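What follows is a single structure, written as structure tokens, with notes after it.
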Amino acid sequence: MEKEKLLERLTDIEWEDFEVKLARSAVPKSSWATVSAFSNTAGGWLIFGVKQIGKSFKITGVKNIEKIEQDFLNTLSSEKFNIIIRPQNKRYNIDEKKVLGFYIPIAKHKPVYYNSLANTFFRSGSGDRKASKEEIDTMYRNQSYGTKTSEIIEDSSINDLSENSIERYRDYMSRYNSSLRYNRLAEKEFLHRTSVMKKDKLTFAGLLFFGKQEAIFNHFPDFRIDLLEIPGTSYSDSKIRYTYRLAELENLWEYYFSLFERITQKVDQPFTKTKKGFAVEDFPYIEALREALVNMLMHADYFSPAKSRIRIFRDKIEFFNPGGFPKPLKKLLEADISIPRNPIIAKLFRMVKLAENAGFGFDKMINGWKTYQNNEPAFETDFDFSMVSFIVKDKNDKAKLINKLGNKLGNKLGNKLGNKLIEKYNLSANQIGIIKLIAGDSQITIKELAQKIGVGTSTIDNNIKKLKEIGFLKREGARKKGEWKIIEKKSDK
């Protein structure tokens, strides 16, 4: 990190990958928790020689920069930590004071802890949080990312598979990928060539995809893919918990069709051919939903106590999945890297052209959904979950939000101007909510906005960025003492 970037960070709004420590004459003991947290989350910068005073920060410098630097680096390569950590380190001279910076990379194998497993930490917002036993268990499972469901089930056989599901799958494959050589194989050879079976025994992936329900329950007692339709914009906004819940089905292949049919009822469709799950090119927003659904099914952590879940609210369709992405979301969005958690399940979906051949299909989801009401999906992830949300605008709901926002803005913008700006820039429901909350509290934080709106901080960051780009919002002042400003343009009066 260059000096200019460091100084910019000291006046930033939220720190999820950045932490300062006084470290005047020694390495602070609290540094080890931060090292563990950065290693287990997404990496980050640890800065020595900066003191936090209330809501502001002061450059204090370190006295013996060589000793502190060596003490810190030696500890990270010692037996204090369960793995050797090799950070990037930099020295800065700010106001004639020496400051140290260390970039702690995300670890390939987690958990990363010091002294004992109990000292395993995560980065949560701008602080370090001790991991729970369930979270540590998830990290151990993630060490086998891409291999766990490929393991053989010793007490299994072809009799644990649903003949009807296999027949439906092969019929679908013959119609939508007729040139594929697998169409010519006998059933048992087909199952072995696709790794549904290995040495006449099932893999976990094969069982999940084609298995009989009772056989799946023997290994996954709580197996189900949940779908709930909620008559509101959130649970708190709904008078009842849900109006519809999908019944339990036999396996992933059977779940796919019922889930796809239900979620596509939420959007406008000129015809019903998509009940077969085959989205045509004329309707890329249907393909976007299909890609999200298949991604959920083939990237889920099926050994997690949490379950995959789709929630259909009045204003959005939300795909929640146990198991985080294998790399930071930003890197995946930039490169669309293909690292499936369940490669056999991914291959089975790709063979029938229901998933992208490479990557997570982010481009298809983003560009496809843009064609529907000019919206983009929102992506969120942590070490133990991932979520994709598709906003579905409703003209009546948006009109109500506009009126509420106009009333809330009051003297800041006036109802007439507030409504005019919202209509002109086609703001989303989340953006309207952000402006509404900022109008009531100009010092509200990113974390508070996320909690009140009911989304992740990354969603808030993305929407604030858009509001800034169109000139609707700006930030003035330092990170802690600054304020949000709603901008009133002369051209919009």
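All figures in this text were calculated on a predicted structure; none of them were measured in a lab. Quick note: residue numbers are just sequence positions, from 1.
Using a cutoff of 4.0 Å between basic side-chain nitrogens and carboxylate oxygens, Lys212 and Glu250 are not scored as salt-bridged. With respect to the salt-bridge test (charged N to carboxylate O, under 4.0 angstrom), the residues Asp137 and Lys133 qualify.
Under the 3.5 Å distance criterion, the side-chain polar atoms of Lys148 are left unmatched by any main-chain donor or acceptor of Tyr302. Within the 3.5 Å criterion, the main-chain N or O of Thr60 finds no donor-acceptor partner in the side chain of Lys51. With Arg123 contributing its side chain and Phe18 its backbone, the two residues share a donor-acceptor pair below 3.5 Å. Ser258 contributes no side-chain N or O that, together with a main-chain N or O of Tyr255, makes up a donor-acceptor pair within less than 3.5 Å. The closest donor-acceptor contact from the side chain of Asp128 to the backbone of Ser36 lies at 3.5 Å or more, if one exists at all. With hydrogens and angles disregarded, no donor-acceptor distance shorter than 3.5 Å links the side chain of Ser132 to the backbone of Ile136. Listed for the Asn342 side chain is no donor-acceptor partner under 3.5 Å among the backbone atoms of Ile344. Judged by distance alone, the side chain of Ser156 and the main-chain N or O of Leu202 form a donor-acceptor pair under 3.5 Å. The closest donor-acceptor contact from the side chain of Lys474 to the backbone of Lys468 lies at 3.5 Å or more, if one exists at all.
Counting only residues at least two apart or in different chains, salt bridge (Lys or Arg N to Asp or Glu O under 4.0 Å) contacts with residues 218-230 comprise Arg224-Asp226, Arg224-Glu248, Asp226-Arg245, Glu229-Arg262.
For Lys485, the salt bridge (charged side-chain N to carboxylate O under 4.0 Å, His left out) partners are Glu483, not counting sequence neighbours.
Put simply, the side chain of Leu161 does not reach to within 4.5 Å of the side chain of Asn251, judged on heavy atoms. Residues Ile85 and Val35 are in side-chain contact: their nearest non-hydrogen atoms beyond the backbone lie under 4.5 Å apart. Side-chain contact check for Leu246 versus Ile310: every heavy-atom pair is 4.5 Å or farther apart. Side-chain contact between Asn40 and Glu135 is absent, with no heavy-atom pair separated by less than 4.5 Å.
A distance below 6.0 Å separates the ring centres of Phe48 and Phe102. Ring centroid separation for the pair Phe72 and Trp32 comes in under the 6.0 Å cut-off. Between Phe38 and Tyr103, the distance separating the two ring centers is not shorter than 6.0 angstrom. Ring centers of Phe362 and Phe379: under 6.0 Å apart, within the cut-off. In this structure, Phe209 has its ring center under 6.0 Å from that of Trp253.
For Arg86, the CZ atom sits in a loose shell: 12 or fewer heavy atoms of surrounding residues, nucleotides or ligands are nearer than 6.0 Å. Remark: Lys98 NZ is loosely packed, at most 12 non-hydrogen atoms of other residues, nucleotides or ligands lying under 6.0 Å away.
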For Lys266 and Leu289, what are the C-alpha separation, side-chain angles and deciding distance, and is it a side-chain contact (heavy atoms from CB on, under 4.5 Å)?
-> CA-CA 11 Å; Lys266 180 68 177 176; Leu289 291 174; over 6 Å; no
Decide yes or no on side-chain contact (heavy atoms from CB on, under 4.5 Å) for Arg309 and Glu318, but give the supporting numbers first.
-> CA-CA 8 Å; Arg309 179 196 66 206; Glu318 179 187 279; 3.5 Å; yes
Verdict with supporting geometry, Lys201 and Glu151, salt bridge (charged side-chain N to carboxylate O under 4.0 Å, His left out) | CA-CA 10 Å; Lys201 296 177 182 179; Glu151 294 176 2; over 6 Å; no
I would like to know whether Phe303 and Phe204 meet ring pair (Phe, Tyr, Trp, His ring centres under 6.0 Å); could you show each step before the answer?
-> CA-CA 10 Å; Phe303 296 89; Phe204 283 109; 5.3 Å; yes
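Nearest heavy atoms, Val294 versus Phe349: CG1-CG, 3.6 Å. Taking both residues in full, the closest heavy atoms of Leu22 and Val62 are given as O-CG1, 4.3 Å, listed atom of the first, atom of the second, then distance. Of all heavy-atom pairs spanning Ile59 and Lys97, the tightest one is O-NZ, 3.3 Å. Minimum heavy-atom separation, Ile366 to Pro377: CA-CD, 3.8 Å. Between Ile216 and Gly211, the closest heavy-atom pair is CD1-O, 3.8 Å. Residues Arg91 and Glu69 share a closest heavy-atom pair of NH2-OE1, 2.7 Å.
Using bins of under 30°, 30° to 60° and over 60° for the plane-to-plane angle, the ring pair Tyr114/Phe121 lands in the parallel bin.
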